[in-house]
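The structure appears right after this line, and notes come after that.
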Amino acid sequence: MSVRDPQPVERQLPTEEARDLLALVREIAQREIAPRAAEEEDAGRFPREIFTLLSESGLLGLPYAAEYGGGDQPYEVYLQVLEELAAARLTVGLGVSVHTLASYALATHGAKQQQVEHLPAMLGGGLLGAYCLSEPSSGSDAASLRTKAVRDGDEWVIDGTKAWITHGGIADFYTVMARTGEDGPRGITAFLVPGDAPGLSGAAPEKKMGMKGSPTAQVHFDGVRVPDDRRIGEEGQGFSIALSALDSGRLGIAACAVGVAQAALDEAVRYATERRQFGRPVADFQGLRFMLADMATQIEAGRALYLAAARLRDAGRPFAKQAAMAKLHCTDTAMKVTTDAVQILGGYGYTADFPAERYMREAKVLQIVEGTNQIQRMVIARHVAGPEGR
Ligand SMILES: Cc1cc2nc3c(=O)[nH]c(=O)nc-3n(C[C@H](O)[C@H](O)[C@H](O)COP(=O)(O)OP(=O)(O)OC[C@H]3O[C@@H](n4cnc5c(N)ncnc54)[C@H](O)[C@@H]3O)c2cc1C
């Protein structure tokens, strides 16, 4: 079977250092991550050792300050790293994105002393993080969360249940949004909770449609005590920290979506140029050629959109609208492109012998996490048309 190598992605990278970084990531992705992806996803195995390798290679804290063990990379570089990792295996790309999200509160709103004490282990010391906002009865309406933290002297006592937590039950640290005051967004505070805190436990992982290697689980907090110096930011500031973390996190999801879509396109091209019907490769038929052209165009548009948002962020300018647009466009594109890839592979596309069906199952979750695509449209509409009910 003559297999055609996919066209390399034309990347715009700002420095020689960034080009070297992407080359290193591609090598790790192709040598260590991609070859085991299908089998381990099928078996529901989380590749913890890959995260250890990424940490040792300086790839778990890329957008954060080198002073605390980060990589000092701009978002436009970090996101392209995520794209490569997700193309090899979404469980890894999304896992790195969630770890970055979980580190955000401390890295951007922590006191200097807290950052010195905890960040180096989080960003380059092999630890794995989880971000705990959602609850069984509060998803899109996250500000109605009920997990409580009650002050007791110099400590806080946390009780409640978080839901859908990526790395739930296996993480080394949890960034937890809990209610410390009034109802609504102003009564929420952020805490950094160690994974081995007494009273913290992970439930059995959810049985998901895809990304089965990535554990998603409820996390129970049963009288979990943390000292006040593990409170991040001011009391009542937790929800605004959580939302600003999500502005950046959504860019990570967008980049992961482009990675999955690119992998599906590469697979579709590979297959279509080899599979022959009516005496010709099926890639010769205009019906498929136009599908491939549309897939490639939407992927390039998605990459350009997330990079434009990242460059605004890197320049210190507002980027929330563009991040929501990038998340919306890139994840809808991933769903469409992966579905079309299955179609291009015909009956084989519907089997687990080829990765197209896995990409399609994986793409679906990206339209749901870190704000569903309905919520992204609400965010964008507020920027475009102003708040509702004026
Ligand atoms: C695999 C996976 C991993 C996840 N990882 C994490 C994690 O690490 N940390 C974390 O905190 N959460 C995580 N989540 C949770 C995720 O962020 C939520 O699932 C998501 O925010 C949606 O919440 P929900 O599932 O409760 O849906 P709901 O909010 O109940 O929404 C149900 C439907 O109603 C729609 N809807 C809701 N409100 C509106 C509205 N105002 N207008 C229009 N439509 C609306 C939604 O778009 C959706 O279609 C994860 C979820 C999954 C599936």
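Bear in mind that the values here come from a model prediction, so they are computed numbers and not experimental data. Note: hydrogens, waters and symmetry copies are ignored here, and every other heavy atom, side chains too, is used.
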Taking NZ, NE, NH1 and NH2 as the nitrogens, is one of them in R11 or E84 under 4.0 Å from a carboxylate oxygen of the other? yes
Any salt bridge between K112 and E67, counting N to O under 4.0 Å? yes
Please, which pairs that meet side-chain hydrogen bond (donor to acceptor under 3.5 Å, both in side chains) have at least one residue in residues 42-62, sequence neighbours excluded? R36-E49, E40-R45, R45-E49, R48-D172
Side chain to side chain contact (heavy atoms under 4.5 Å, CB included) evaluation trace for V176 with L133: CA-CA 7 Å; V176 180; L133 180 62; over 6 Å; no
Any donor and acceptor pair, going by atom type alone, linking the side chain of K321 with main-chain N or O of V384 inside 3.5 Å? no
Whether the Q262 and D266 side chains hold a donor-acceptor pair (N or O, under 3.5 Å, no angle test) is what I'd like checked. yes
Between R146 and R179, is there a donor-acceptor pair closer than 3.5 Å when you use the side chain of the first and the backbone of the second? no
Between D159 and T147, is any side-chain donor less than 3.5 angstrom from a side-chain acceptor? no
Residue pair Y306 / A255: nearest heavy atoms and the distance that separates them: CE2-CA, 3.7 Å
Going by atom type alone, with no hydrogens or angles, which donor-acceptor pairs under 3.5 Å involve a side-chain atom of residues 196-206 and a protein atom two or more places apart or on another chain?
none

Check this for me, if you would: do E274 and R270 make a salt bridge, where the nitrogen-to-carboxylate-oxygen distance has to be below 4.0 angstrom? no
Pair E370 + R250, salt bridge at N-O below 4.0 Å: no
Linking I/L/V/M/F/W/Y whenever any side-chain heavy atoms sit under 4.5 Å apart, do L60 and L22 land together? yes
Enter the distance from E117:CD to L192:CG here, rounded to the nearest 0.5 Å. 9.5 Å
Whether K162 side chain and Y131 backbone form a donor-acceptor pair below 3.5 Å: no
Is a side-chain donor or acceptor of D314 paired with a backbone partner of E76 at a separation under 3.5 angstrom? yes
Those residues at least two apart in sequence (or on a different chain) that pass salt bridge (Lys or Arg N to Asp or Glu O under 4.0 Å) with R377 are D332
Could you state the interatomic distance from OG1 (T372) to CG (L366), rounded to the nearest 0.5 Å? 13.0 Å
Hey, are Y78 and T100 close enough side-chain-wise for a donor-acceptor pair under 3.5 Å? yes
Distance under 6.0 Å and angle within 45° of ring axis: R313 vs Y75: yes
Any donor-acceptor pair under 3.5 Å from R361 side chain to A363 backbone: no
Pair T216, K208: side-chain N/O donor-acceptor within cut-off below 3.5 Å: yes
Taking M122's backbone N and O only, do any of them form a donor-acceptor pair with H99's side chain (distance below 3.5 Å, no angle check)? yes
Keeping Q114 on the side-chain end and A111 on the backbone end, is there a donor-acceptor pair under 3.5 Å? yes
Can you tell me if R89 uses its side chain to pair, donor with acceptor, with the backbone of I33 under 3.5 Å? no
Please test R231 against T189 for side chain to side chain donor-acceptor pair (under 3.5 Å), starting from the C-alpha separation and ending with a verdict. CA-CA 7 Å; R231 169 176 49 82; T189 303; over 6 Å; no
Within the 6.0 Å centroid threshold, strictly below: F51 and F46: yes
From the list L307, V25, V258, side-chain contact (heavy atoms from CB on, under 4.5 Å) with E83 holds only for V258
Identify, with sequence neighbours excluded, every residue that meets salt bridge (Lys or Arg N to Asp or Glu O under 4.0 Å) alongside R276. none
Please list all pairs meeting side-chain hydrogen bond (donor to acceptor under 3.5 Å, both in side chains) that have one or both residues in residues 236-245, counting only residues at least two apart or in different chains. Y104-S244
Return yes when atom CZ of R289 has more than 12 non-hydrogen atoms of other residues, nucleotides or ligands closer than 6.0 Å, and no otherwise. no
Within this structure, what is the OG-CG distance for the pair S97 and L94, rounded to the nearest 0.5 Å? 6.0 Å
Donor-acceptor pair, H167 side chain versus G129 backbone, under 3.5 Å? yes
Given 3.5 Å as the limit, does a donor-acceptor pair link the side chain of Q376 with the main chain of M325, or not? no
Above 12 or not: heavy atoms from other molecules or residues under 6.0 Å from CZ of R317? no
Between K212 and E41, is the closest basic N to carboxylate O distance under 4.0 Å? no
side-chain hydrogen bond (donor to acceptor under 3.5 Å, both in side chains) contacts in which one or both residues fall within residues 338-354, not counting sequence neighbours: K336-D340
